[in-house]
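Beneath this line is the structure, given in structure tokens, with notes to follow.
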There are 2 protein chains.
Amino acid sequence: MAYQPPLHDMQFVISEWLSSPIEWSVIPAFKEVDEALSIQILEEAGRFAVDKLVPLNALGDRQGCHLNGGQVTTPSGFAEAYKAYVNGGWPALACDPAWGGQGLPQVLDAALHEMLVSANHGWAMYPGIAHGAYECLRAHASEALKETYLSKVVSGEWLATMCITEPQAGSDVGLIRTRAEPLGEGVYQLEGSKIFISGGEHDLTDNIVHLVLARLPDAPAGSRGLSLFLVPKQLDDAPNGVHCESLEHKMGIKGSATCALRFEGAQGSLIGEPHRGLAAMFVMMNSARLHVGLQGLGHVESAYQQALAYASERRQMRAPNRSEDTAEVADLLVQHPAIRRVLLELRACSEGMRALGYWGAHLLELADHAADSTERARAYQLASLLTPVIKAFFTEQGFQQASAALQVLGGYGYFTDFSIEQTLRDSRIAMIYEGTNEIQANDLLLRKVIGDRGEALGMLLGLYRQEAERCLMTRSCESYGRDLTQACMQVEQVTADLMASHDQEWPYRAALDYLRLHGWLGLAFAWARTARLAAPKQKETFYKTKSETARFVYDYLLINVRQAVEAVKAGQAPLPPI
Amino acid sequence: MAYQPPLHDMQFVISEWLSSPIEWSVIPAFKEVDEALSIQILEEAGRFAVDKLVPLNALGDRQGCHLNGGQVTTPSGFAEAYKAYVNGGWPALACDPAWGGQGLPQVLDAALHEMLVSANHGWAMYPGIAHGAYECLRAHASEALKETYLSKVVSGEWLATMCITEPQAGSDVGLIRTRAEPLGEGVYQLEGSKIFISGGEHDLTDNIVHLVLARLPDAPAGSRGLSLFLVPKQLDDAPNGVHCESLEHKMGIKGSATCALRFEGAQGSLIGEPHRGLAAMFVMMNSARLHVGLQGLGHVESAYQQALAYASERRQMRAPNRSEDTAEVADLLVQHPAIRRVLLELRACSEGMRALGYWGAHLLELADHAADSTERARAYQLASLLTPVIKAFFTEQGFQQASAALQVLGGYGYFTDFSIEQTLRDSRIAMIYEGTNEIQANDLLLRKVIGDRGEALGMLLGLYRQEAERCLMTRSCESYGRDLTQACMQVEQVTADLMASHDQEWPYRAALDYLRLHGWLGLAFAWARTARLAAPKQKETFYKTKSETARFVYDYLLINVRQAVEAVKAGQAPLPPI
């Protein structure tokens, strides 16, 4: 696999696409982050991904992880690569300087994680999860806990996990049974079993900081009876009662250790208030889901590059329109219309999702750091609305586009000699973990739209419309302005229908289509804005190509918005029992 | 994996769905095949699949095939299962009695192969390919060759291969380079390399009959210069010059040996006329592609059963409408609307595709055996039109629905402890081999529709309309009649647009959407017919469920026809270069 970090496009999103209406400089902390620094960081991150992670990608898939005497060995080179990652200061990139962080923008961290996943999803799981734990600890842990753990998590010296799922409690965290007994003096003893724990045990760091959802003795049933605990693998340099019982054998991300953990006499500390564990985790949920969405982006980008490289070299059959001066018997795949269409869709999704995904990261930043509290609240509301879309739509595209790219390689795509089949296998998990895409869809429609009475949605569509109006005033972008306005109207109408309906099952039947609708609408917005920014710079190939891709999006992909609207409407029909 | 052969539904398709307008009894050879015999055969075939193949499915995936000293070892138990298959007389099921066949209907063979694939796709590859070779030999081989090889292929004593692909010649067979030198007396010496050869070498049979596309010395360039040769692995009990150079490592169907073969001084015989190799292979192409389509059906059925079994036992969260008398904290997944919708789509696709797929098999039979020559020609034309739809649409659904089923299992679906992830991996190859789905799409639109000036399409839509009219006259099915008629009109209109267009690239850009359109239209037809047949029998659960599923199809899936029409129209926009 030859992966080239899409640095030019990343920088375009950061410096141009995000520059308005969301001003980079509104965040006081980033006054000194100029374009030159941002470029330098992205280049270094790209070099790390290419030099250290790409070579371990296929190897990690082949070797997988191994459990021996309770200890997990990761694939050869994983630990060394992690050491280099820590030495490079990457875990601290977007963390608070108060705890040793570099205090750089989240959007740079988003770009970093996109590249890590494109290069090696299995490896990227280890640091990927730690960031959520960092946010959770920073927001809810006591000062004493922060003192002991936070700077080590920021530096990357210790990695972390989220221990949520149990055999009977997957999507339904209310069914969690792990118990926590208070031993006094703020110490708790945990007993129970957790499964699907990514990085639950490994050889990358000496200690692992487990964040564990469990029940106190007096806890009410259901999800309101969950408390969050910090349970380290090593406590005061001695082994704590956390045992890795087994490693899961999976379809993909085999380099990532997915563990079943048994907590037996494990000592831990409460994070936040008793019975408020879910609330404590909530603070990291947007960010963790955004990260999984970025994995989908990483897969689409990687898939695009793999398909493009193959299609640019492989000759099969004559294209209906040949270049006239060729003496070749067969034409390059890129010259065949059907293949070109696939490649354009891959490119359109990758670049459009990059803009949307980084916007999501930037909104989370604004929610935290914007100077103005109204602006913070507004950003939080928008981020909360967009996050399930980014998580579910991006990961679905990650899988679907990886499959489309595999198809470009024909029979070779099915063989392990090429890496696209691994991309396809790796990508599939992202539709499931960190809240299945169905959970995201319900979160979007039931909670973030209907539950919010359309307030955040109104803001989002307002931004889309603002962009549409700018397009209407930009030569060569007028049709995008009209089309985007119309798409917004369709979405508004079907949303109003859903909110007015007395059929309480309809939203549940239609939620996934409703989410897809927002995915495609978001892409249309991203590309309208891109086209408008590119319009005055058509002499540069980069921007000319952007304009061509935008044209493709509106010609070929915009229909997906209306089709998803129709699918939502189809969902009005009741379903028979199975 | 617990697979239950869908015998009731198979028998419904064979005895009821196919009974009109295509009469079972129009084929003189089948006068004695009554329903009782058909049921008995399906039951036995199902027992074979469940008892012999299901237990080897995961094992075959784990063990894979191994190459040692030029010889391939298949996974443990594969050879024994094949012996039982031969002893059961299964290879001969639908073969000509003149060569030892049982002379039973192709539709029973289709049901057999569906079950083999549902149970164990990797294993099913070996006998799956032999049937095409049988048809090719029967139609084009000399009497002498038939004498030596045909009855052994019919009995299954020897297996066969199709050796087409070479490193530089995938979809483009015109680029084939393997050479055949005449040695005199009808003997040819072959030199060259073939790749992607399923069952190219294995330990199931003593001999393997390779059918090889190669060039005679005086052959013109391109696909019109290809001749077909029979090259046995063992010639007069001595090894011939056919060497297995390597085994491919693949994403799935790991139990199937995918070989790179080197022909070096290999002796063979010409099949059919010189330079007419493609024409000789043509006779088996419809049947081979239909078989691959049936693999897609096998995957959807298997995926449906796996998802249904899990969703019927797993409780997570409360459904929006609970059964009032439950004391359970959480509801079964089948009670959640989003999951029910997925299961209904799985069921609708599996059962609808079964009707269409068996119809395709029956049409091929009629093309061969119908008493009347006009009927034979008509059946051949219809089968040729439907075959690329069945191949590509079914295999796409096989993959997409396997992914949908995997999602129902959540995190468990991603683990190798459950078999759905294997189903997903296995299913992916069927979109590629035997002509990629893009090749099928071009075949359908460019050759079978535009090239045929819409004649066969007119016939097909005529049958659909006939069904629609019957529905209009059947209480409770009127709306299906109206909707199906309207869908036919939409398809007719967009086809006329395509045929009238002067943009020669449009069909190439739109072919895959055009094929999908026919897939969904075919399903709508299948379910209209099913609903009409079920209407008078609503007291039986089987038929009541059929009616409910038909309602679901028209409520939820029919929109896919119009959406595919819109996608075809979107394809009018030109594509920029990459």
Side-chain angles (χ1 to χ4, degrees), chain A residues 165 170-172 174-175 196 221 248-251 308 316-317 320-321 329-330 334 336-338 340-341 343-344 399 403 406-407 410-411 413-417 421 424-425 428-429 431-433 436-438 441 504-505 508-509 511-512 548 551-552 555-556 559 563 566-567 570 573 575-576 578, chain B residues 165 170-172 174-175 196 221 248-251 308 316-317 320-321 329-330 334 336-338 340-341 343-344 399 403 406-407 410-411 413-417 421 424-425 428-429 431-433 436-438 441 504-505 508-509 511-512 548 551-552 555-556 559 563 566-567 570 573 575-576 578:
Chain A
T165 305
S171 293
D172 194 346
L175 303 177
F196 301 4
E248 302 296 348
H249 297 279
K250 312 185 294 296
M251 183 165 85
L308 180 61
Q316 291 285 283
M317 305 205 282
N321 288 329
V329 182
V334 285
H336 289 277
R340 220 151 74 219
R341 183 172 161 180
L343 293 171
L344 281 160
F399 176 69
S403 176
L406 187 151
Q407 190 75 9
Y414 199 65
F415 294 161
T416 56
D417 308 79
E421 67 88 28
L424 182 64
R425 287 185 289 108
R428 188 60 184 80
I429 187 59
M431 294 169 67
I432 298 169
Y433 59 24
T436 66
N437 284 4
E438 290 71 22
Q504 65 155 331
E505 261 202 15
Y508 290 91
R509 293 190 295 261
L512 207 53
E548 286 171 353
R551 185 69 267 157
F552 170 80
D555 285 341
Y556 280 82
I559 60 169
Q563 299 197 341
E566 284 167 13
L575 294 174
I578 290 290
Chain B
T165 305
S171 293
D172 193 347
L175 302 177
F196 301 4
E248 301 296 348
H249 298 279
K250 311 185 295 293
M251 182 166 88
L308 180 61
Q316 291 285 283
M317 305 209 277
N321 289 329
V329 182
V334 286
H336 289 277
R340 220 153 73 222
R341 182 171 162 181
L343 293 171
L344 281 160
F399 176 71
S403 177
L406 187 152
Q407 190 74 10
Y414 199 65
F415 295 162
T416 56
D417 308 76
E421 66 90 25
L424 183 64
R425 288 185 289 107
R428 188 60 184 81
I429 186 59
M431 294 169 68
I432 298 170
Y433 60 25
T436 67
N437 284 5
E438 289 71 22
Q504 64 155 330
E505 261 201 15
Y508 290 90
R509 292 190 297 261
L512 207 54
E548 287 171 353
R551 184 70 266 157
F552 169 80
D555 285 342
Y556 280 81
I559 60 169
Q563 300 197 340
E566 283 166 12
L575 295 172
I578 292 291

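Within every chain, numbering begins at 1; the chains are lettered A, B, ... in the order of the sequence lines, protein sequences first and strands thereafter. This structure is a prediction, so every number in the text was calculated from the model and none was measured.
- The ring pair (Phe, Tyr, Trp, His ring centres under 6.0 Å) check on Phe196(A) picks up Tyr412(B), Phe415(B), with sequence neighbours excluded.
- Both the backbone and the side chain of Glu548(B) come within less than 4.5 Å of a heavy atom of chain A.
- Side chains of Gln407(A) and Ile432(B) form a contact here, defined as non-hydrogen atoms less than 4.5 Å apart.
- Proximity to chain B (any heavy atom under 4.5 Å) is shown, for Tyr433(A), by neither the backbone nor the side chain.
- Per-residue heavy-atom pair counts under 4.5 Å with chain A were compared for His336(B), Glu438(B), Arg428(B), and the maximum is reached by Arg428(B).
- Closest non-hydrogen pair, Tyr556(B) versus Ala570(A), comes out as CZ-O, 3.7 Å.
- With a 4.5 angstrom heavy-atom cutoff, Glu566(A) touches chain B via backbone and side-chain atoms both.
- Counting heavy-atom pairs closer than 4.5 Å to chain A, the top-ranked of the candidates Leu308(B), Asp417(B), Thr165(B), Leu424(B) is Leu424(B).
- The distance from the CG atom of Leu343(A) to the CG atom of Leu575(B) is 10.5 Å, given to the nearest 0.5 Å.
- In this structure, the portions of Ala567(B) lying under 4.5 Å from any heavy atom of chain A include both its backbone and its side chain.
- Using a 4.5 Å heavy-atom cutoff, the side chains of Gln316(A) and Leu175(B) are in contact.
- By the 4.5 Å heavy-atom criterion applied to side chains, Asn321(A) and Gln504(B) are counted as neighbours.
- Put simply, of Leu512(B), Thr436(B), Ile559(B), Thr416(B), the one with the most heavy-atom pairs under 4.5 Å next to chain A is Thr416(B).
- Put simply, OG on Ser171(A) and CE on Met317(B) are 5.0 Å apart, with the number rounded to the nearest 0.5 Å.
- Atoms CE and CZ, from Met251(B) and Arg425(A) in turn, are 7.5 Å apart once rounded to the nearest 0.5 Å.
- The choice from Pro337(A), Gly410(A), Ala330(A) that makes the most heavy-atom pairs within less than 4.5 Å of chain B is Pro337(A).
- Residues passing the side chain to side chain donor-acceptor pair (under 3.5 Å) test with Asp555(B) are Arg551(B), sequence neighbours excluded.
- Heavy atoms closer than 4.5 Å to chain B are found in both the backbone and the side chain of Ala338(A).
- The candidate with the highest count of non-hydrogen atom pairs below 4.5 Å against chain A, out of Asn437(B), Val329(B), Leu406(B), Val334(B), is Leu406(B).
- Both the backbone and the side chain of Leu344(A) come within less than 4.5 Å of a heavy atom in chain B.
- Between the CZ atom in Arg340(B) and the CZ atom in Arg509(A) there is a gap of 8.0 Å [rounded to 0.5 Å].
- Most heavy-atom pairs under 4.5 Å with chain B, from the set Gly170(A), Ala511(A), Ser403(A): that is Ser403(A).
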